[in-house]
Asks: 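So that we are looking at the same thing, I have put the structure below in structure tokens.
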Protein chains: 2
Amino acid sequence: MTVNQNIVKTQDANCPHDKRVSCGNCRLNTICLPISLHIEDIDRLNGIIQRGKPLQKGDYLYRANDHFHSVYAIRSGAVKALTLSDNGEEQVTGFYLPGEVVGMDGIADNRYTNSVIALETASVCEIPFNRMEELSLQIPNLQRHFFQLMSREITQDQQIITLLSKSSAEERIAALLLSISSRNSRRQLSANAFRLPMSRTDIGNYLGLTIETVSRIFTRLQKQNVISVDKKEVLITDMELLRNIANGDGHC
Amino acid sequence: MTVNQNIVKTQDANCPHDKRVSCGNCRLNTICLPISLHIEDIDRLNGIIQRGKPLQKGDYLYRANDHFHSVYAIRSGAVKALTLSDNGEEQVTGFYLPGEVVGMDGIADNRYTNSVIALETASVCEIPFNRMEELSLQIPNLQRHFFQLMSREITQDQQIITLLSKSSAEERIAALLLSISSRNSRRQLSANAFRLPMSRTDIGNYLGLTIETVSRIFTRLQKQNVISVDKKEVLITDMELLRNIANGDGHC
DNA sequence: CGCATGCTTGACTTTGATCAATAGCGGTGG
DNA sequence: CCACCGCTATTGATCAAAGTCAAGCATGCG
């Protein structure tokens, strides 16, 4: 028994896609769960959560126009969300990393407006929305938590709006790098060295730039000794300067 | 008595800023309330709603960083929401017309991230959020309604992201005109003739364009006989063409 | 009336898009 | 093993859409 538990523990620690996890022992629960939830309430929430087999790179988690029934917390890996615009081209609306939640766009009309695609092998926790709603009626903090989650999505989308509306190509790239950096450090990973899970094309699409511009900015930032890029590996060598660039003080 | 009631009724019909309104008799309740709410539940919701004196043009409904305690349904007039970006300039994040709800950005961190300012004389219904939450625990449809409201805000913000990321200046203006048009017709107003409540500066700020570009696009659309503009009065003369322009088929 | 404000229009500049060529890399099969 | 392909990324040359700068006009208000 003790031996078995040790094995499980070891696998938990080593494999980020391990299915045998509950919210109670999940390393990400400070990110995706409200801090003020009681242990027994966490167990009740855990009881409704479904964990399937991991998505492979390129797999859809769901597609735009699918019937909505769940939101999903990313457990490992990374995904992108994208909408089809009226004239038919894709718009990447967000990248989601472990601990973050996708799918809330589907609540309004009971259909997802985004498609979500794995950028690399990724596992997710499925939260059936109807059951979460029922549970929320009994656990006020859970209700509050979901209101907050959705509100945060709103404020983040509005930050993207500001970025697209007001910032130069260089500022947009800098802001994206800083966003990924801070989200990594929230998960106890390095804020300075990381691997971008998405392609240049995805970055360009997300930031409203062409792939050529993205590439040029990366090399320019590298020449300015702000970052060092090797394919998808990024090393931020001058965090302070990167912040200045993101805030538009790059050239003044 | 009968006479008095008639007077009240007359004022209701004539003055959109009249305070003596309840959700039950509000002409906008199909827009801002869930259809599936029972009459007695509407009364309970109405019981927590506060209606103050109207805002005058330029008045703040609340300011970014204010402590969050309420969301607001616009009853009459129009308001704009704006954030301050990191480098200090304003970004208009939305225009809100009667029946629409502002303030949900404040839930995440108990502080508003936007400021909201009246574009013209406007009256609002204040919905204290804590009391709405309590009521939601007893009225599942109300909980669902707020999830949907917030989800709709998310999908709308994502549409703006797509607009800013992918569309030309002309497409952005066309899309804004169509948005206002359809929101007007939802309130039984003309889809073709209306008054823009916001300035050219606000439009440019919202759409990521300079005021000069906004002005030029308006005159260009007018020369193409798509719209007719006189100051803030807009007449859409070719709805079909305007839709084509918004979808990027304007020149192909 | 004179001044401030908001809008329009014109001339010129700049940023990022477009077009095009090339390089690197992983997989596949002869 | 290496020749070939497909895909992604980089780099350069040119172009165009929207920004900037500047001037002028209309409106409204003390």
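A, B, ... follow the sequence lines: proteins, then strands. Residue 1 opens every chain.
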Asks: Nearest 0.5 angstrom please: Lys166(B) NZ to Ser85(A) OG, how far?
Replies: 7.5 Å
Asks: What is the separation between atom CD1 on Ile173(B) and atom P on dA18(D), rounded to the nearest whole Å?
Replies: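 Between P of dA18(D) and CD1 of Ile173(B): 10 Å.
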Asks: In whole angstrom, give the distance that lies between atom CD of Glu171(B) and atom P of dA18(D).
Replies: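 Going from CD in Glu171(B) over to P in dA18(D) covers 9 Å.
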Asks: Report the distance from atom CD of Glu170(B) to atom P of dA17(D), rounded to the nearest whole Å.
Replies: 10 Å
Asks: Out of Asn205(A), Thr210(A), Ile211(A), Leu209(A), which residue meets the side-chain contact (heavy atoms from CB on, under 4.5 Å) rule with Arg200(A)?
Replies: Ile211(A)
Asks: How large an angle, rounded to 10°, do the end axes of the helix from dC1(C)-dG30(D) to dG30(C)-dC1(D) enclose when each is built from five base pairs?
Replies: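 One end's axis against the other's: 20°.
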Asks: Specify the separation, in whole Å, of atom CD1 of Ile217(B) and atom P of dA17(D).
Replies: 11 Å
Asks: Which of these, Leu242(A), Ile227(A), Ile245(A), Ile217(A), sits in a side-chain contact (heavy atoms from CB on, under 4.5 Å) with Ile173(A)?
Replies: Ile217(A)
Asks: Are Glu126(A) and Arg51(A) within salt-bridge range, i.e. N to O under 4.0 Å?
Replies: no
Asks: Under 3.5 Å, which N/O atoms of the protein pair with N/O atoms of nucleotides 7-11 of chain D?
Replies:
| residue | atom | partner | partner atom | Å |
| --- | --- | --- | --- | --- |
| dA9(D) | OP1 | Arg200(A) | N | 3.1 |
| dA9(D) | OP2 | Arg200(A) | N | 3.4 |
| dT10(D) | OP1 | Arg200(A) | NH2 | 3.2 |
| dT10(D) | OP2 | Arg200(A) | NE | 3.0 |
| dT10(D) | OP2 | Ser215(A) | OG | 2.9 |
| dT10(D) | O5' | Ser215(A) | OG | 3.0 |

Asks: Counting distance only, does the side-chain N/O of Thr113(A) pair as donor-acceptor with the main-chain N or O of Thr155(B) below 3.5 Å?
Replies: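 Checked: no pair found.
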Asks: Below 4.0 angstrom, N of the basic side chain to O of the carboxylate: do Arg152(B) and Asp109(A) qualify?
Replies: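 Looking at Arg152(B) and Asp109(A), the cut-off is met.
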Asks: Taking Ser185(A) for the side chain and Gln188(A) for the main chain, is one N or O donor matched with an acceptor at less than 3.5 Å?
Replies: no
Asks: Can you check whether Ala108(A)'s main-chain N or O pairs, donor with acceptor, with Ser151(B)'s side chain at less than 3.5 Å?
Replies: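 Here the side-chain-to-backbone pair exists.
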Asks: In this structure, how many angstroms lie between the P atom of dG24(C) and the CG atom of Asp230(A), rounded?
Replies: 13 Å
Asks: Has the side chain of Asn65(A) got a donor or acceptor atom that lies under 3.5 Å from a matching backbone atom of Tyr112(A)?
Replies: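 Checking the backbone N and O of Tyr112(A) against the side chain of Asn65(A), no donor-acceptor pair under 3.5 Å is found.
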Asks: In whole angstroms, how far is the P atom of dC29(D) from the NZ atom of Lys57(B)?
Replies: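 About 10 Å, once rounded to whole Å.
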Asks: Expressed in angstrom and rounded to an integer, what is the separation of Lys166(A) atom NZ from dT15(C) atom C1'?
Replies: 17 Å
Asks: Would you indicate what Gly208(B) reaches in the nucleic acid, counting non-hydrogen atoms under 4.0 angstrom: base, sugar-phosphate, or nothing?
Replies: sugar-phosphate
